[in-house]
Amino acid sequence: MRGAAVAKAGLGERLKKLFTGSGNGDDFYEDFEDMLIEGDIGASVAMELSDSLKDKFGRKGPGSREDVSSELKTVLSGMIKTADPAIDPEKTTILMVLGVNGVGKTTSIAKIADFYRRKYNTEPVLSAGDTFRAAAIDQLKLHGERLGLRVVHQQPGSDPGAVIYDSIESAKAQGSKIIIADTAGRMHNKANLVKELQKIDKIINSKASGAEYRKILVIDATTGQNGFRQAEMFHEAVGIDQIVLTKYDSSAKGGVAVSISSKLGLPFSFIGTGEKYSDLKKFDAEEYINNLLDI
Ligand SMILES: Nc1nc2c(ncn2[C@@H]2O[C@H](COP(=O)(O)OP(=O)(O)OP(=O)(O)O)[C@@H](O)[C@H]2O)c(=O)[nH]1
Ligand SMILES: [Mg+2]
């Protein structure tokens with residue numbers, strides 16, 4: 001699989017090691033923080049988690065791995081935010097799907113379209129808003145053919161705002177309630193990308209009165225703390241409503257979701273677990289935390 005991280009021991013495995021060494025005591029918290037940082041949790045959240053253990057167990061540290069797991073579970077539950085991907089099928093819903101290149105935007109769009117189609121017995125319109133990469137349009141068209149869904153597109157290099165504008169108009173004319181728009185993950189430079197996304201956002205906003213408009217960011221579970229910087233950048237540029245965590249079927253545990261949720265306050269709605277259309281699940285915080293901690 002493209003972009004998969006080298007297999008890493010889970011946090012639970014590492015926690016176990018912390019208790020089999022002689023490390024209990026003053027070093028415990030230092031080792032614990034290092035372990036979290038290596039697990040893509042991020043330095044600042046690692047400190048917070050470590051402080052919460054200090055409050056609970058004092059300087060000598062906890063007595064067992066189970067004590068740590070149960071305390072961490074409680075603290076992490078307060079940090080991870082989720083959002084229900086449900087929509088109001090009576091209302092028009094416009095989803096703009098964002099993320100850097102290769103994270104799984106186009107694949108997730110197809111999966112989400114299939115999810116809504118099944119759930120609400122409705123036919124979403126797909127919008128080929130990634131006009132920067134020529135093959136991106138064909139890729140979305142192929143998904144459209146496989147799923148039997150309409151894809152609104154123009155030529156490569158055309159204005160993505162115009163494509164999405166057309167998609168909304170066309171969906172309206174046809175009575176389709178859901179529009180899911182692809183966007184480019186890369187431009188000549190970051191400033192261009194931000195400007196382009198802000199332009200698209202403005203166009204959608206001008207067409208979205210009475211509609212539910214959501215900006216969905218896609219984060220690849222295998223990219224570690226880099227994913228945090230991506231979330232920060234997109235959130236700053238246009239404001240993100242929900243996140244899809246992809247490639248969760250890889251060895252990565254997606255520890256980055258903790259810092260994204262707790263530092264940026266952003267909720268996770270879906271989790272991608274493979275390359276098939278059915279490999280998409282609602283994000284379940286408890287399941288995610290148990291998996292992160294190997295419990
Ligand atoms: N294993 C696995 N692979 C995934 C998942 N989601 C996407 N992929 C794969 O990741 C690769 C990139 O996915 P795309 O959907 O093309 O990503 P993108 O963000 O649209 O990429 P660009 O258009 O290049 O910006 C493809 O090979 C997908 O099949 C997932 O949840 N699990
Ligand atoms: Mg794509």
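As the structure is a computational prediction, the values presented were derived from the model and not from experiment. For ligands, and for the atoms within them, numbers begin at 1 and follow the listed sequence.
Under the side chain to side chain donor-acceptor pair (under 3.5 Å) criterion, Glu287 pairs with Lys281, sequence neighbours left out.
A salt bridge links Arg214 with Glu212: the distance from a Lys NZ or Arg NE/NH1/NH2 to an Asp or Glu carboxylate oxygen falls below 4.0 Å.
For Phe57 and Phe28, the gap between ring centers reaches or exceeds 6.0 Å.
Between Ser108 and ligand 1, not a single N/O pair is under 3.5 Å apart. The distance criterion of under 3.5 Å between nitrogen or oxygen atoms is not met by Asp279 with respect to ligand 1. Ligand 1 has a nitrogen or oxygen under 3.5 angstrom from a nitrogen or oxygen of Thr107.
Protein N/O/S atoms found under 2.8 Å from the Mg ion (ligand 2): Thr106 OG1.
Counting heavy atoms closer than 4.0 Å to ligand 1, residue Lys111 contributes side-chain atoms (C-beta onward) but none from N, CA, C or O. Within the 4.0 Å heavy-atom criterion, neither part of Asp182 lies near ligand 1. By the criterion of a heavy-atom distance under 4.0 Å, the side chain of Asp249, and not its backbone, is placed next to ligand 1.
Of all atoms in ligand 1, listed by their number and element, those nearer than 4.0 Å to a heavy atom of Lys247 are 4 (C), 5 (C), 8 (N), 10 (O), 30 (C), 31 (O), 32 (N). Within ligand 1, counting atoms from 1 as listed, the ones closer than 4.0 Å to a heavy atom of Gly272 are 31 (O). In summary, the atoms of ligand 1 found under 4.0 Å from a heavy atom of Asn101, numbered by their order in the structure, are 24 (O), 25 (O). Short contacts between ligand 1 and Thr273, defined as distances under 4.0 Å to a heavy atom of the residue, involve ligand atoms 31 (O).
One N or O on the side chain of Lys111 and one on the backbone of Gly274 form a donor-acceptor pair closer than 3.5 Å. No donor-acceptor pair under 3.5 Å is formed between the side chain of Ser176 and the backbone N or O of Lys172.
In the model, Asp130 has no side-chain atom that pairs as donor or acceptor with a side-chain atom of Thr183 under 3.5 Å. If you check the side chains of Tyr213 and Asp241, you find no donor sitting under 3.5 Å from an acceptor.
The shell of residues lying under 4.0 angstrom from ligand 1, judged by heavy atoms, excludes Ala136. Residue contacts with ligand 1 leave out Arg186, since none of its heavy atoms falls under 4.0 Å from the ligand. Under a 4.0 angstrom heavy-atom cut-off, Gly102 registers as being in contact with ligand 1.
Among residues at least two apart or in separate chains, salt bridge (Lys or Arg N to Asp or Glu O under 4.0 Å) pairs with a member in residues 115-129 are Asp114-Arg117, Asp114-Arg118.
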Verdict with reasoning, Leu149 to Val125, per side chain to side chain contact (heavy atoms under 4.5 Å, CB included)
CA-CA 6 Å; Leu149 296 176; Val125 169; over 6 Å; no

Listing, residues 138-146 side-chain donor-acceptor contacts under 3.5 Å, not counting sequence neighbours, or none:
| from | atom 1 | to | atom 2 | distance (Å) |
| --- | --- | --- | --- | --- |
| Gln139 | OE1 | Arg133 | NH2 | 3.1 |
| His143 | ND1 | Tyr277 | OH | 2.7 |

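Under a cut-off of 6.0 angstrom, the local environment of CG in Asn121 is sparse, with at most 12 non-hydrogen atoms contributed by other residues, nucleotides or ligands.
Nearest heavy atom pair, residue Tyr29 against residue Arg59, reads CE1-O, 3.6 Å.
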